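Since the structure comes first, as structure tokens, the remarks are kept for the end.
Read the numbers this way: they start at 1 and go in the same order the structure lists the ligands and their atoms. Fair warning: this is a prediction, and the values are worked out from it, not measured in the lab. Residues: numbered from 1 along the sequence shown. The basis for the numbers below is simple: all heavy atoms, side chains too, and nothing from hydrogens, waters or symmetry mates.
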Amino acid sequence: MAAAAERFVSVALRAIRESGRFAVALAGGSTPRRLYELLASPDWADRVDWARTNVFWGDERCVPPDDPASNYFLAREVLLDRVPIPEANIDRICGEDPPARAAAAYERELRVAFTTPEGPPSVLPGRRFDLVLLGMGSNGHTASLFPGLSAVRERERWVVAEHVAEVAMWRITLTPPVLNAAAHIVFLVSGAEKAATLERVLEGPPGVFPAQAIVPHDGVLTWLVEEAAAGKLCGPRR
Ligand code: 6PG
């Protein structure tokens, strides 16, 4: 996770230098927990200018913010309550609200944050995510873009709500248009159970898995993969 923390710090420094702010979308699930704990630790916490950092989420489960299943709850507990980030800089998805209303509200907030009241996202500095953190499930989903569902095919809206039978819950997720406008996208993947899917995502035909829909228009895509999940990948990769 040190590589992920280094990337977080370096992207933050450059974004703040270039546009005065670092806009980051945090990932949910369990893998990023160790990154968040690292960023909150004494060796790392003061390497980020939290006063100029704006935190968003790539997706959220439709549960209250104090529910342990909430992606906000995870980040709050292990990172945001431990660093000097102003409350006003934390923009969570309201999982406790009716899903479609929460999705529309979050899109409005993103459009204000990126001064893009309508139309497609911009790729100009300061008007897009500087960093998006993503995980990947063993079925190739990312954020809450799940195989076979409509969110992964969304091309207009930036945030949508969808009931995901596979996890028996409503989810709210950012969509490929706004994710792919980011300057840096970093996948954090761990777990041997993902190795077969990861090999197909990276080396198989495109258009099969939602994770393959993540292709930055004008940005850098990085996969940080722990050894067990990299088991089936061939040789060193750039
Ligand atoms: C979520 C995440 C989801 C996650 C993957 C991987 O809300 O669950 O956004 O996309 O990143 O399911 O989760 P793990 O890191 O727990 O394997």
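At a cut-off of 3.5 Å, with distance as the only test, a side-chain donor of Arg127 or Thr116 sits close to an acceptor on the other residue. Inspection of the Ser150 and Glu162 side chains reveals an N or O donor paired with an N or O acceptor under 3.5 Å.
Checked for salt-bridge contact, Glu18 and Arg52 miss the test: no charged N lies under 4.0 Å from a carboxylate O.
Ring planes of Phe8 and Trp50: tilted class, angle from 30 to 60°. Ring orientation note: the planes of His141 and Phe146 are close to parallel, at an angle under 30° on the 30°/60° scale.
Under a 4.0 Å criterion applied to the non-hydrogen atoms of Ser30, ligand 1 contributes the atoms 14 (P), 15 (O), 16 (O). Contact atoms of ligand 1 toward Lys194: 6 (C), 14 (P), 15 (O), 17 (O) (distance under 4.0 Å to a heavy atom of the residue). Within ligand 1, counting atoms from 1 as listed, the ones closer than 4.0 Å to a heavy atom of Arg171 are 1 (C), 7 (O), 8 (O).
In terms of modelled atom types and a separation under 3.5 Å, the side chain of Arg21 and the main chain of Gly126 share a donor-acceptor contact. Formation of a donor-acceptor pair under 3.5 Å by the Tyr106 side chain with backbone atoms of Asp91 is found in this model.
If you look at Leu134 next to ligand 1, there are no close heavy atoms at all, none under 4.0 Å. Neither the backbone nor the side chain of Ala27 comes within contact range of ligand 1; no heavy atom lies under 4.0 Å.
Ranking the protein heavy atoms by distance from atom 9 (O) of ligand 1 puts Asp59 OD1, 2.7 Å first. Protein heavy atom at the shortest distance from atom 15 (O) of ligand 1 is Thr31 OG1, 2.6 Å. In terms of protein heavy atoms, atom 13 (O) of ligand 1 is closest to Gly29 CA, 4.0 Å.
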Side chains of residues 182-191: which donor-acceptor pairs under 3.5 Å do they make with residues two or more places apart or in other chains?
| residue | atom | partner | partner atom | Å |
| --- | --- | --- | --- | --- |
| Ser190 | OG | Thr31 | OG1 | 2.9 |

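Contact annotation: Glu60 has no heavy atom less than 4.0 Å from any atom of ligand 1.
Summarising the contacts of atom 3 (C) of ligand 1 with Ala211, Gly135, Ala143, Gly58, the nearest heavy atom is found in Ala143. Comparing Glu193, Arg61, Met136 against atom 6 (C) of ligand 1, the shortest heavy-atom distance belongs to Met136.
Residue Ser190 has no N or O atom closer than 3.5 Å to an N or O atom of ligand 1. Checking only distances, His141 does come within under 3.5 Å of ligand 1, N or O to N or O.
Tracing side-chain contacts under 4.5 Å through hydrophobic residues (I, L, V, M, F, W, Y), one reaches Met136 starting from Met1; they form part of the same cluster.
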